[in-house]
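These notes concern the structure reproduced below.
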Number of protein chains: 2
Amino acid sequence: MSLVQLESFVAVAEAAHVGRAAARLRVSQPPLTRRIRSLEDELGVPLFERSARGMRLLPAGERLLVHARRILDAVAQAHDEVRRPGAALPEPE
Amino acid sequence: MSLVQLESFVAVAEAAHVGRAAARLRVSQPPLTRRIRSLEDELGVPLFERSARGMRLLPAGERLLVHARRILDAVAQAHDEVRRPGAALPEPE
DNA sequence: GGCGGCGATACCGAAACGGTATTGGCGATC
DNA sequence: GATCGCCAATACCGTTTCGGTATCGCCGCC
């Protein structure tokens, strides 16, 4: 499981379409399809139901979505705070 | 920033040696050195102080360590709960 | 039954990654 | 203060991963 996979997953979940999610992520559709599939393979659980009108989250996908957002938020926060010179941890000289 | 980078960072921070961390992660030393450096480059902040006796966390590294552990924990938890059939979210059919 | 839009696949070129071998540099030792 | 040893950093190369273009197959809609 990688952050790219999680980011892709959230985008597809929100767009409910691989194609639209791909446009939003500025990649083409095939890589995104592969990322989702590799994520499902890795977890051993299908996350979406595919249909001719798009992608619909399955229960496992709903559960993952909550975690994925939390993880991506934590990453963004880490990214911000590391640069911030206002240290949270004092350094004993 | 990738999960592999964060995992590598935590390992190096805990071991205080790239070599030992590499052994623990079952990779050789050079890739680990590169992961740390690419992470520093990406964040634009040095995370370790290098010396002839190993690596020592700098303040920015101390801050990142807290976040990195939280992120990796969240990933592990997501990994677990997604498989778990005991759904947390009901599905409105 | 034909058309349009969707995701899945095949294929190929480029980029990322890991390993082995080597270098460079600081610290401890005598 | 020269030498040896341990550490991270770099060079180089083979492999693998990844993304893009082109295409396929399928279902819903008109």
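Order of the sequence lines sets the chain letters (A, B, ...), proteins ahead of strands, with each chain counted from 1. Because the structure is predicted, anything quoted here is derived from the model rather than measured.
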Quiz item: Atom NE2 of His17(A) and atom P of dA8(C): how far apart are they, to the nearest Å?
Solution: 13 Å

Quiz item: Rounded to the nearest 0.5 Å, what separation is found between the NE2 atom of His79(A) and the CG atom of Leu64(B)?
Solution: 10.0 Å

Quiz prompt | Ala15(B) backbone acceptor or donor facing Arg20(B) side chain under 3.5 Å | solution = no

Quiz item: What is the distance from CG of Leu32(A) to C1' of dT21(D), rounded to the nearest Å?
Solution: 16 Å

Quiz item: Is the closest side-chain heavy-atom distance between Met55(A) and Val18(A) below 4.5 Å?
Solution: yes

Quiz item: For the pair made of CZ in Arg37(A) and C1' in dA10(C), what is the distance, rounded to whole Å?
Solution: 15 Å

Practice problem: Check the pair Glu40(B), Arg35(B) against salt bridge (charged side-chain N to carboxylate O under 4.0 Å, His left out), reporting the backbone distance first and the verdict last. | Solution: CA-CA 9 Å; Glu40(B) 291 177 322; Arg35(B) 289 179 194 169; over 6 Å; no

Exercise. Take Arg26(B) and Glu7(B), measure what salt bridge (charged side-chain N to carboxylate O under 4.0 Å, His left out) needs, and give me the verdict at the end.
Key: CA-CA 12 Å; Arg26(B) 314 276 185 173; Glu7(B) 181 187 32; over 6 Å; no

Self-check item: Thr33(A) vs dG7(C): side-chain N/O to OP1/OP2 distance below 4.0 Å
Solution: no

Quiz item: Taking atom P of dC26(C) as reference, at what distance in whole Å does atom CZ of Arg56(B) sit?
Solution: 17 Å

Self-check item: Euclidean distance, atom CZ of residue Arg20(B) to atom P of dC6(D) [Å, nearest integer]
Solution: 11 Å

Quiz item: Looking at dA28(C), dG7(C), dT21(D), which one has an atom nearest to any side-chain atom of Arg53(B)?
Solution: dA28(C)

Quiz item: Rounded to the nearest Å, what distance is computed from the CD atom of residue Glu49(B) to the C1' atom of nucleotide dC7(D)?
Solution: 14 Å

Practice problem: Please figure out whether Gln29(A) or Ala16(B) has its closest DNA chain D nucleotide nearer the 5' end. | Solution: Ala16(B)

Exercise. Please determine, for the side chain of Arg50(B), which listed nucleotide (dA8(D), dG28(D), dG20(D)) has the closest atom?
Key: dA8(D)

Self-check item: Distance (rounded to the nearest 0.5 Å) between Arg83(A) CZ and Arg63(B) CZ
Solution: 11.5 Å

Practice problem: May I have the distance from Ile36(A) (atom CD1) to dC6(C) (atom C1'), rounded to whole angstrom? | Solution: 15 Å

Exercise. Any chance you could list the contact pattern along nucleotides 11-18 of chain D? Use B for base contacts, S for sugar-phosphate-only contacts and - for none, protein heavy atoms under 4.0 Å, 5' to 3'.
Key: BB------

Practice problem: Measure the spacing between CD of Gln77(A) and CZ of Arg70(B) and express it to the nearest 0.5 Å. | Solution: 5.5 Å

Exercise. Measure from the side chain of Met55(A), starting at C-beta and using heavy atoms only, and say which of dC27(D), dC26(C), dG7(C) lies closest.
Key: dG7(C)

